[in-house]
Peer 1: 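One structure, as C-alpha cells, below. Some questions next.
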Amino acid sequence: MSQHPTALFTPTSLERALDQNEAIQETVEQSAAELCVINAVLQQEVPEHVKTGDVAQALQKTDELESRIQTSAENLEQVNQALKEEIQVRADLERQLAATQAELDQVQNSAQNHAQAGAQGRSSSC
C-alpha cells in the first residue's frame, strides 16, 4: 500500500482507489515494456520479405498497441497525481476542521464555566 500524508488513519475510498490505480499503473507499464521488447524482437527477427500482408498488419498493430498501452500508463499517472492532490487537500481540511472544532469546544467550555460562575455568584449573594 502507498504511504499517505496522514499518520494513523483509516484509508478513505480515495486512498484505496489510489492504491488500486497505482497497482494497475504498474501492471500497465510492465505490459508496455514487455510488448516493446516483443515488438523489437519481431521487427529485427522477421525477415523483410515476410513482413507483408497479415504479418505486416500484425506488426503494425503491435506498434499501435504498445503506443496505446504507454498512453494509458501516462493517463493513469496523471489520475494518480490528481488523487494524491485531492487526498492532501482533504487531509488538510480535516486537520483544519479538527482544530476549529477544538477551538469551538474550548470557547463553549469557557462560556459554560463563566455562566456557572455568574450563577453561583448570584445565588451566594441572596
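Here the structure is a predicted model, which is why all the values come from computation and not from measurement.
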Peer 1: side-chain contact (heavy atoms from CB on, under 4.5 Å), that's the test. Do Gln96 and Leu93 meet it? Break it down for me.
Peer 2: CA-CA 5 Å; Gln96 290 173 6; Leu93 288 172; 3.8 Å; yes
Peer 1: Would you please test Gln88 and Glu85 for side-chain contact (heavy atoms from CB on, under 4.5 Å) and show each step?
Peer 2: CA-CA 5 Å; Gln88 184 62 50; Glu85 290 170 7; 5.7 Å; no
Peer 1: If you round to the nearest 0.5 Å, how far is CD of Glu77 from OG of Ser72?
Peer 2: 13.0 Å
Peer 1: Name the atoms and distances for all side-chain donor-acceptor pairs under 3.5 Å in residues 105-117, with sequence neighbours left out.
Peer 2:
{"residue": "Asp105", "atom": "OD1", "partner": "Gln101", "partner atom": "NE2", "Å": "3.0"}
{"residue": "Asn109", "atom": "ND2", "partner": "Asp105", "partner atom": "O", "Å": "3.3"}
{"residue": "Asn113", "atom": "ND2", "partner": "Asn109", "partner atom": "O", "Å": "3.3"}

Peer 1: Is any side-chain heavy atom of Gln81 closer than 4.5 Å to a side-chain heavy atom of Gln78?
Peer 2: no
Peer 1: Spell out, as yes or no, whether a donor-acceptor pair under 3.5 Å connects the side chain of Gln30 to the backbone of Thr27.
Peer 2: no
Peer 1: Let me confirm one number: the CZ-OG1 distance from Arg95 to Thr100, rounded to the nearest 0.5 Å.
Peer 2: 13.0 Å
Peer 1: So, taking the atom named OG1 in Thr62 and the one named CG in Asn39, what distance separates them when rounded to the nearest 0.5 Å?
Peer 2: 3.5 Å
Peer 1: Take Glu64 and Gln60, measure what side-chain hydrogen bond (donor to acceptor under 3.5 Å, both in side chains) needs, and give me the verdict at the end.
Peer 2: CA-CA 6 Å; Glu64 293 169 6; Gln60 179 183 352; 3.0 Å; yes
Peer 1: Take Val46 and Val55, measure what side-chain contact (heavy atoms from CB on, under 4.5 Å) needs, and give me the verdict at the end.
Peer 2: CA-CA 9 Å; Val46 174; Val55 173; 4.1 Å; yes
Peer 1: Please tell me whether Thr71 and Glu74 have a donor and an acceptor in their side chains that are separated by less than 3.5 angstrom.
Peer 2: no
Peer 1: Give the minimum heavy-atom separation between Lys51 and Ala56, together with the two atoms involved.
Peer 2: O-CB, 3.3 Å
Peer 1: Quick one: do Asp63 and Gln43 satisfy side-chain contact (heavy atoms from CB on, under 4.5 Å)? Show the steps, please.
Peer 2: CA-CA 10 Å; Asp63 277 341; Gln43 291 290 350; 3.8 Å; yes
Peer 1: Measure the shortest side-chain to side-chain distance between Ile38 and Leu42 over non-hydrogen atoms and say whether it is less than 4.5 angstrom.
Peer 2: yes
Peer 1: May I have the step-by-step check of salt bridge (Lys or Arg N to Asp or Glu O under 4.0 Å) for Glu94 and Arg90, ending in yes or no?
Peer 2: CA-CA 6 Å; Glu94 287 176 6; Arg90 288 183 182 210; over 6 Å; no
Peer 1: Can you list everything that forms a side-chain hydrogen bond (donor to acceptor under 3.5 Å, both in side chains) with Gln25? Sequence neighbours excluded, please.
Peer 2: Glu29, Asn80
Peer 1: Measure the CG-CG distance between Asp92 and Leu97 for me, rounded to the nearest 0.5 Å.
Peer 2: 12.5 Å
Peer 1: Which Ile, Leu, Val, Met, Phe, Trp or Tyr residues join Leu35 in one cluster when any pair of side-chain heavy atoms under 4.5 Å counts as a link?
Peer 2: Ile24, Val28, Leu65, Ile69, Leu76
Peer 1: Asp19 and Arg16: salt bridge (Lys or Arg N to Asp or Glu O under 4.0 Å), yes or no, with the steps?
Peer 2: CA-CA 5 Å; Asp19 288 340; Arg16 286 189 300 272; over 6 Å; no
Peer 1: What distance separates Leu59 CG from Lys61 NZ, expressed to the nearest 0.5 Å?
Peer 2: 12.5 Å
Peer 1: Quick one: do Thr12 and Glu15 satisfy side-chain hydrogen bond (donor to acceptor under 3.5 Å, both in side chains)? Show the steps, please.
Peer 2: CA-CA 5 Å; Thr12 65; Glu15 290 161 332; 3.3 Å; yes
Peer 1: Determine whether Val79 and Leu83 make a side-chain contact, defined as any pair of heavy atoms from C-beta on separated by less than 4.5 Å.
Peer 2: yes
